[in-house]
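Note sheet for the following structure.
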Amino acid sequence: MSARVFAFLNFKGGVGKTTNVVNLAACLAYLRGRRVLVVDLDAQCNSTYWLLRPSEFTHHEAGGSPRSRRRLTTWQIFQDAIEGTRVFDAGAAIFRGVPRNEHGTELVPYLHLLPASVDLLDIEFGVDPPALRRLRPALLRALQPLRSDYDFIFLDCPPHLHYVTQAAVLASDHLIVPYNPDYLSLSGFRVLCRLLRRLDDSFRELRPDHARAEVDALIVSRFRRVGNVYGVAVAELKSQIEQMQSAGLLPSACALLEPPIRDDVKVSESASEHKPVIFHAPDSIASQDYMALTASFLQRFPSSP
Amino acid sequence: MTYDQLAVRLTALGASLHRHAASLSGPAAAKVARDLEKQVAKLEQLVAQAASRDTPEVRLVLDLLTDHAAVFPNARLADFAKRLGLKLPGAKTATPAALRAKFHEAVAAAGVAPAAVEVLGAFARAQAAPAPDLSSEPAQRATLRRLGAKSAEEIELELEAKFSDADVRTLARAAGLKVTAKAARKGLIPVVVHYARRHHENTSLTGGA
């Protein structure tokens with residue numbers, strides 16, 4: 001068995017990358033018994049702090065200096081690539097069974113987290129270009145030995161397309177674009193697809209067997225059933241996908257995963273409670289939507305037997 | 001006497017009258033002048049009417065009405081007349097051929113031939129367009145995009161020509177609009193026109209970012 005690796009990316013911020021990563025991963029692990037690893041690549045550490053209380057993360061890092069703490073995060077993967085070292089230890093860094101209750105009991109044994117560090121902010125600064133290029137294959141190499149342990153690996157990308165995100169694209173089997181239903185997102189989506197196409201050329205020699213770096217699925221977040229505004233925006237997105245497929249800019253299998261996730265205050269609340277929404281508010285509309293989305297996701301991306 | 005000969009004679013008369021106007025006097029001359037003025041006014045009107053009919057656009061209107069007679073039944077012509085601000089007295093009782101002639105006359109007299117060519121031509125083209133494919137959601141959206149590339153008036157005409165009430169509702173739903181099963185066609189068409197154009201504009205691969 002080998003995990004399928006998914007990068008959730010969009011250079012636009014606030015479109016639901018972390019929300020979808022955390023909540024879809026939790027549904028897959030808790031409701032469908034799939035083994036899922038969430039890899040936080042964003043210096044904002046949003047996935048990390050959604051699934052871990054601050055005290056838990058501190059405990060995870062306990063005893064070390066700020067420098068040694070970073071070793072237990074995705075930061076070390078990239079630092080190793082720059083320095084040419086092999087310090088990263090996935091076994092020590094991965095937080096197994098998240099989230100946990102106040103007694104430290106695992107709520108979802110199959111859901112694991114590789115946390116991020118705010119130091120990722122600086123990882124690309126002050127590094128010479130040859131070392132920067134070494135960042136790209138770093139994640140691919142780091143995840144390779146973990147693939148046999150999971151059904152799905154979700155990469156929560158930062159809101160840009162710099163080297164860390166490029167590393168995620170290279171390490172992924174599939175790209176998923178979280179999307180807000182409005183024209184600005186639609187316009188950004190076209191740009192994103194063009195940039196990915198450009199990136200793809202430079203990936204050829206790094207991973208010859210890699211399929212094209214193309215968007216395989218989109219997830220609409222912050223949907224509201226009020227008036228026609230959101231329905232029209234989703235229809236335009238569907239139309240855009242069909243046109244881009246006709247023009248060969250998107251794979252024919254690229255799909256908009258249904259249903260759109262409705263805007264729900266319970267989602268924001270659940271982040272502050274450090275739990276996926278299915279634990280914090282199981283009867284909420286967001287929980288219902290994520291459960292339905294999980295079915296749709298598994299239909300589109302069945303896990304390996 | 002031909003009209004050309006009359007024109008030459010009137011030109012000569014005008015020049016002579018201009019030269020000798022001060023010499024004319026008396027009731028007899030005044031009466032002739034008044035009678036002539038009335039006839040000249042009538043002739044001017046006739047000439048102006050003839051001139052207005054003698055344009056490429058007016059001839060094109062006649063061609064369109066004749067070549068596509070089947071797609072311009074009386075009710076449709078009455079509707080177009082209303083749109084062009086024309087009056088067609090007796091439209092309800094006229095035969096189709098008579099009404100087409102009246103329509104043509106009215107267009108020429110009102111000087112709206114260019115607008116009439118546009119509206120009649122667009123409608124005739126819409127009639128000749130292939131039947132809309134609304135067999136699937138992607139096909140419906142493709143139809144929406146195709147329509148959206150046209151002008152608002154052309155879309156409206158094509159909707160009128162080729163789309164049933166149910167088709168218009170289907171298109172509105174394909175655009176993401178909430179539509180009841182009884183939504184009225186008349187109110188829905190302007191909405192579909194707007195969203196078809198927006199759909200085309202927003203999803204175009206050649207425009208924007």
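Proteins get letters first, then strands, A, B, ... in listed order; numbering begins at 1 in each. Computation of the quantities below employed the complete heavy-atom set of this structure, encompassing side-chain atoms and omitting hydrogens, waters and symmetry-equivalent molecules.
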**Request:** Give a yes or no on this: more than 12 heavy atoms of other residues, nucleotides or ligands lie within 6.0 Å of atom CZ of A:Arg224.
**Result:** no
**Shortest non-hydrogen contact between B:Asn202 and A:Leu186, atoms and distance** = O-CD2, 3.3 Å
**Fill in**
dist B:Leu205:CG -> A:Arg194:CZ (nearest 0.5 Å) comes out at 9.0 Å
**Prompt:** Does a side-chain heavy-atom distance below 4.5 Å link A:Glu236 with B:Arg198?
**Reply:** yes
**Prompt:** What are the two closest non-hydrogen atoms of A:Ala235 and B:Ala174, and how far apart are they?
**Reply:** CB-O, 3.3 Å
**Complete:** Applying a strict 4.5 Å limit to non-hydrogen atoms, the region of B:Arg173 in contact with chain A is neither
**Candidate list B:Arg145, B:Gln140, B:Glu137, test side-chain hydrogen bond (donor to acceptor under 3.5 Å, both in side chains), partner A:Ser239, passing option** = B:Arg145
**Prompt:** How many angstroms lie between NZ in A:Lys238 and CZ in B:Arg141, if you round to the nearest 0.5 Å?
**Reply:** 5.5 Å
**Message:** With a 3.5 Å distance limit and no angle check, can you tell me whether B:Lys178 reaches the backbone of A:Asn228 through a side-chain donor-acceptor pair?
**Reply:** no
**Message:** If you count every heavy atom of other residues, nucleotides or ligands that lies below 6.0 Å from A:Arg198 atom CZ, does the total exceed 12?
**Reply:** no
**Asked** Checking A:Leu249 against chain B: side chain, backbone, both or neither under 4.5 Å from a heavy atom?
**Response** side chain
**Message:** Tell me if the CD atom of B:Glu118 is crowded by more than 12 foreign heavy atoms within 6.0 Å.
**Reply:** no
